[in-house]
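Single-structure report; data block below.
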Amino acid sequence: GRLYINRVYQISAERMFQLLFTQSHFFVNFLGSRKVFDLECTPWQSDGNGKQTRTLTYTITINNPLVGKFTTATEKQVLYKGNQGGLSYSVEAEVLTHDVPYHDYFYTVNKYSIVRTAQDKCRLRVCTDVRYKKQPWGLVKTFIERNSWSGLEDYFKQMGHLHPGGIGGADQPHKEK
Ligand code: YK8
């Protein structure tokens, strides 16, 4: 996978969670700026085993000439809360884009980790991975990856820059073993 954000922000871990994983003004504005629309989301629901899940559906505007102008997407998020309560959050999100070429071959997994580093500071890390439901032909795989990474990089760079504290942006992505 790739690490797209890894930085300390001047807000509490709880606040960071609220900003990114509830329908906060920040998040709704952010999606608006990405021309993501028709957002619908279920509330967080506990599965009884310490995990919570929710599902988002939305339509994404794509600025890639190879692809149609829009795609619908379904994002399933699973939340694992740190046992210290409010100190750390880890969210794993599976994103399926339904109307792009080869959509039946691949999906994306984004892992968000929010860890408290001080009373009003937290570290946000975002790692992403492109995964396959069926193995594509080599050339197709290259094509899927090239286009996915560039779209993901663009998205998370902006997310890293847009946070309310106004300090810094996303770090340069790099490959992780
Ligand atoms: C979520 C991954 C791939 C997709 C896109 C597909 C190109 C098709 C490849 C063909 C357009 C918000 C992306 C980037 C759209 C945006 C998705 C976002 C950023 C030509 C082979 C949407 C996180 C997320 C996950 C996956 C991203 C798509 O919160 O390139």
Side-chain angles (χ1 to χ4, degrees), residues 1-7 9 16-44 52-80 89-114 124-164 169-173 175-176:
R2 292 191 183 189
L3 180 63
Y4 279 119
I5 303 179
N6 181 21
R7 264 201 114 90
Y9 294 90
M16 180 64 92
F17 175 78
Q18 286 169 358
L19 290 177
L20 297 180
F21 298 103
T22 65
Q23 294 212 43
S24 63
H25 283 301
F26 171 81
F27 197 67
V28 171
N29 285 345
F30 176 61
L31 290 183
S33 76
R34 304 290 318 180
K35 299 198 170 67
V36 171
F37 54 94
D38 291 345
L39 172 68
E40 286 190 38
C41 49
T42 67
W44 283 107
Q52 284 172 268
T53 58
R54 67 169 192 163
T55 304
L56 285 72
T57 55
Y58 44 82
T59 303
I60 309 166
T61 307
I62 304 172
N63 51 10
N64 180 332
L66 296 175
V67 190
K69 237 185 148 336
F70 305 100
T71 181
T72 56
T74 305
E75 174 160 351
K76 198 184 159 213
Q77 299 181 339
V78 181
L79 163 65
Y80 308 85
Y89 302 80
S90 143
V91 175
E92 207 172 300
E94 251 181 47
V95 183
L96 278 77
T97 43
H98 305 292
D99 312 303
V100 301
Y102 306 107
H103 61 90
D104 49 337
Y105 282 85
F106 76 100
Y107 61 101
T108 307
V109 176
N110 302 319
K111 290 182 187 165
Y112 300 80
S113 133
I114 302 169
L124 172 68
R125 284 172 52 99
V126 182
C127 287
T128 79
D129 222 343
V130 178
R131 298 216 186 133
Y132 294 92
K133 287 190 270 191
K134 47 185 184 185
Q135 209 47 45
W137 207 51
L139 217 79
V140 170
K141 193 172 173 179
T142 309
F143 193 47
I144 291 173
E145 286 184 6
R146 193 192 303 132
N147 286 284
S148 297
W149 292 132
S150 70
L152 285 158
E153 175 175 352
D154 188 47
Y155 180 83
F156 287 116
K157 244 188 193 158
Q158 192 187 345
M159 180 183 281
H161 279 111
L162 255 186
H163 83 282
D171 293 330
Q172 281 300 100
K175 286 199 173 166
E176 265 196 336

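The first residue in the sequence is number 1, and the count goes up from there. Below, each value reflects all heavy atoms present in this structure, side chains not excepted, and no hydrogens, waters or symmetry copies. Indexing begins at 1, ligand by ligand and atom by atom, following the structure's order.
- Just one residue in the list Ile62, Val67, Ile60 forms a side chain to side chain contact (heavy atoms under 4.5 Å, CB included) with Thr97, and that residue is Ile60.
- Partners of Tyr105 by side-chain hydrogen bond (donor to acceptor under 3.5 Å, both in side chains), not counting sequence neighbours: none found.
- For Phe21 and Phe27, the ring centers are positioned 6.0 Å apart or more.
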Where does ligand 1 get N/O contacts under 3.5 Å from the protein, atom by atom?
residue: ligand 1; atom: 29 (O); partner: Glu75; partner atom: OE1; Å: 3.0
residue: ligand 1; atom: 29 (O); partner: Tyr155; partner atom: OH; Å: 3.4
residue: ligand 1; atom: 30 (O); partner: Asn147; partner atom: O; Å: 3.2

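- With sequence neighbours left out, Asn110 forms a side-chain hydrogen bond (donor to acceptor under 3.5 Å, both in side chains) with no residue at all.
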Distance-only donor-acceptor hits, side chain of residues 127-144, under 3.5 Å, sequence neighbours excluded:
residue: Tyr132; atom: OH; partner: Glu145; partner atom: OE2; Å: 2.7
residue: Lys134; atom: NZ; partner: Asp104; partner atom: OD2; Å: 3.3
residue: Thr142; atom: OG1; partner: Gly138; partner atom: O; Å: 3.0

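- Remark: side-chain polar atoms of Thr74 are not paired, donor with acceptor, to backbone N or O of Thr57 under 3.5 angstrom.
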